[in-house]
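Report on the structure given below.
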Amino acid sequence: MVPTMTNPTFDWNQLAQLAGDDPEFEQELLGLFVTDIEDSLFRLVEAMDAQDAPTVEHLAHYIKGASANVGANALAEIAGQLEQHAQQSTLEQATPAIEVLKARCQEVKHAIALRY
């Protein structure tokens, strides 16, 4: 079993708890998470380009929750900021947050690849 630890990108302890300390289940959860988040991020960028605040809000909320569930807390935090911009109809100010969200997604994928 891989030792668990917390880092700014990913809380491995949280994931281990979610998976019942089952490394194979952790990998399965993370595979589904990464695929799902990549799709959601693609749709989020499209919604931002269209200035579709309700869709941005929905997708950002989804990414925030899914990320928090598996321990990708830095990703959840920036998705929460995007959700707030959408709620406040300030999408024009959210463009930098999208770039940070993309970077956080890459960091999470990199952390997962290093672990497994």
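Listed by chain and number, the residues in a salt bridge (charged side-chain N to carboxylate O under 4.0 Å, His left out) with E46 amount to none (sequence neighbours excluded).
Scanning all heavy atoms of the two residues, the minimum distance from E92 to S89 falls at OE1-O, 4.0 Å. Taking every heavy atom of both residues into account, W12 and A111 meet most closely at CZ2-O, 3.7 Å. Heavy-atom minimum distance, E83 versus A60: N-CB, 3.6 Å. The heavy-atom pair separating N69 from Q14 by the smallest distance is O-NE2, 3.6 Å. When all heavy atoms of A86 and A53 are compared, the closest pair comes out as CB-O, 3.5 Å. Across C105 and L41, no two heavy atoms sit closer than the pair SG-CD2, 3.7 Å.
You'll find the side chain of T55 stays beyond 4.5 Å of the side chain of H58, heavy atoms only. No side-chain heavy atom of N13 sits less than 4.5 Å from a side-chain heavy atom of Q17.
Distance check: L82 CG to T95 OG1 gives 9.5 Å after rounding to the nearest 0.5 Å. S67 contributes atom OG, which lies 13.0 Å from atom CG of D11 (distance to the nearest 0.5 angstrom). Residue Q81 holds its CD atom at 11.0 Å from NZ of K64, rounded to the nearest 0.5 Å.
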> Does the side chain to side chain contact (heavy atoms under 4.5 Å, CB included) test come out yes or no for T90 and Q93, once each step is laid out?
Replying inline: CA-CA 6 Å; T90 57; Q93 298 171 11; 4.0 Å; yes
>> Under the criterion side chain to side chain contact (heavy atoms under 4.5 Å, CB included), I'd like the reasoning laid out for E57 against H85: C-alpha separation, chi angles, the key distance, then a yes or no.
In response: CA-CA 8 Å; E57 180 180 357; H85 279 294; over 6 Å; no
>> The test is side chain to side chain contact (heavy atoms under 4.5 Å, CB included); show your working for F10 and R115 and say whether it passes.
In response: CA-CA 11 Å; F10 216 95; R115 180 156 173 110; over 6 Å; no
> Taking it one step at a time, do D22 and E26 satisfy side chain to side chain contact (heavy atoms under 4.5 Å, CB included)?
Replying inline: CA-CA 6 Å; D22 180 344; E26 283 181 19; over 6 Å; no
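Linking Ile, Leu, Val, Met, Phe, Trp and Tyr residues whenever their side-chain heavy atoms come within less than 4.5 Å leaves Y62 and F33 in two separate clusters. A single hydrophobic cluster is not seen to contain both F42 and I63; linkage of ILVMFWY side chains at heavy-atom distances under 4.5 Å, directly or through other members, places them apart.
Atom CD of E107 sits in a crowded spot, with more than 12 heavy atoms from other residues, nucleotides or ligands closer than 6.0 Å.
I37 pairs with exactly one of V108, L75, L32 by the side chain to side chain contact (heavy atoms under 4.5 Å, CB included) rule, that one being L75. For the side chain to side chain contact (heavy atoms under 4.5 Å, CB included) criterion with M48, the lone passing option out of V56, L101, L59 is V56.
A salt bridge is absent between R104 and E77; no separation between the charged side-chain nitrogens and carboxylate oxygens falls under 4.0 Å.
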